[in-house]
Amino acid sequence: MAEHEGQRESAAESLMDKITEKISVHDSSSSSDSDNEKFDAVKSKIFRLFGREKPVHKVLGGGKPADVFLWRNTKISAGVLGGATAVWALFELLGYHLITLVCHLSILSLAVLFLWSNASNFLNKPPPKIPEVVLPEKCIREVASALRIEINRGLAVLRDIASGKDLKKFLAVIAGLWVLSLIGSGISFLTLLYISFVLLHTVPVLYEKYEDQVDAYSEKAWIEIKKQYAVFDEKYLSKIPRGALKGEKKD
């Protein structure tokens, strides 16, 4: 009898131990879940440059272009950047022209294929396989539709700015166009395009690597810009008469 009672007591103790273990595991998992939720909430409140809420890869559109810009494949990214550098050096440093280059490459390609096709009959070798290139109608329509949407969006923004509804946006666009005109007066369009291409291959990957530090400094800079804009608005912008605009809105 005593042995049976001891076995019952030990079984009860082991059962209680299992229950307490399950409770502790559940508490720890729930606490970890709550900690993760708190961490995600705090992380989402962190200032991100330009109000970014998605990863840099998603902001760049995702897919292969984003992989190239972020150097996911070093060989492909280096090859694309090297090709762009070669094209820029060919046109800018050597003074080559686009139409001349296209014509010379076309002449060389057609001459090689023509001679190869005729020489294959005498040499008893198969002629070159020239692929048939046909532009799909669906692809052309998608590209045209995307361009149409972006052009209409830009025209709508310009119309909104010209209507005088948003003074802040108007000043920002005027300043941006003025800076772009200064840059364009000093360098050619091809050089500007090449610089933009190089920046796309360097700035995003560096920002992705040091985004926490960059966002911290940009937050401080953004707060200071807001302060300066508030002072500028109080001294100058608020004194600009806007009676005509208010009357239009009421109508």
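We number each residue from 1, following the sequence as shown. When reading the values below, keep in mind they use all heavy atoms of this one structure, side chains included, and skip hydrogens, waters and symmetry mates.
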Item to check | Spacing of CG belonging to L94 relative to CG belonging to L101, to within rounding of 0.5 Å | outcome: 11.0 Å
Checklist entry - Are L177 and I161 connected in the hydrophobic side-chain network, where two residues link if heavy atoms are under 4.5 Å apart? => result yes
Checklist entry - Hey, what do you get for CG (L200) to CD1 (I195), rounding to the nearest 0.5 Å? => result 12.5 Å
Item to check | Residues which pass side-chain hydrogen bond (donor to acceptor under 3.5 Å, both in side chains) with Y96, listed by chain and number, not counting sequence neighbours | outcome: H104
Item to check | OH (Y217) with more than 12 external heavy atoms under 6.0 Å | outcome: no
Item to check | Spacing of CG belonging to L110 relative to CG belonging to L115, to within rounding of 0.5 Å | outcome: 10.5 Å
Next on the checklist: Nearest 0.5 angstrom please: S218 OG to I223 CD1, how far?
Outcome noted: 9.5 Å
Next on the checklist: Going by ring pair (Phe, Tyr, Trp, His ring centres under 6.0 Å), name the residues that satisfy it together with F232, two or more places apart in sequence or in a different chain.
Outcome noted: Y236
Next on the checklist: Check for me, please, whether L105 and L98 land in the same ILVMFWY cluster - side-chain distances under 4.5 Å, paths through other members count.
Outcome noted: yes
Checklist entry - What about L180 and L199, same hydrophobic cluster or not, with Ile/Leu/Val/Met/Phe/Trp/Tyr joined at side-chain heavy-atom distances under 4.5 Å? => result yes
Checklist entry - So which pairs with a foot in residues 174-188 pass side-chain hydrogen bond (donor to acceptor under 3.5 Å, both in side chains), sequence neighbours left out? => result E92-S188, S188-T191
Next on the checklist: For residues V173 and I183: do they belong to one hydrophobic cluster (side chain heavy atoms under 4.5 Å, members Ile, Leu, Val, Met, Phe, Trp, Tyr)?
Outcome noted: no
Item to check | CG-CG distance between L155 and D160, expressed to the nearest 0.5 angstrom | outcome: 12.5 Å
Cut-off 3.5 Å, no hydrogens considered: what does the side-chain donor-acceptor table look like for residues 66-74, sequence neighbours left out?
from : atom 1 : to   : atom 2 : distance (Å)
D67  : OD1    : H57  : NE2    : 2.7
W71  : NE1    : H201 : O      : 2.6
R72  : NH1    : E208 : OE1    : 3.3
R72  : NH2    : E208 : OE2    : 3.0
N73  : OD1    : K75  : N      : 3.3

Checklist entry - For F197, does the CZ atom have more than 12 heavy-atom neighbours from other residues, nucleotides or ligands under 6.0 Å away? => result yes
Checklist entry - Out of curiosity, does V214 fall in the hydrophobic cluster containing V203 (side-chain heavy atoms, cut-off under 4.5 Å, transitive links)? => result no
Checklist entry - Does the side chain of S120 reach to within under 4.5 Å of the side chain of P126, using non-hydrogen atoms? => result no
Checklist entry - In Å, rounded to the nearest 0.5 Å, how long is the span from CG of L206 to CD of E211? => result 12.5 Å
Next on the checklist: Around atom CG of L182, are there more than 12 heavy atoms from other residues, nucleotides or ligands closer than 6.0 Å?
Outcome noted: yes
Checklist entry - Residues two or more places apart in sequence or in another chain: which of them pass ring pair (Phe, Tyr, Trp, His ring centres under 6.0 Å) with Y194? => result W88
Please tabulate, one pair per line, all N/O donor-acceptor pairs under 3.5 Å involving side-chain atoms of residues 134-152, not counting sequence neighbours.
from : atom 1 : to   : atom 2 : distance (Å)
E137 : OE2    : R141 : NE     : 3.2
E137 : OE2    : R141 : NH2    : 2.6
N152 : ND2    : R148 : O      : 3.2

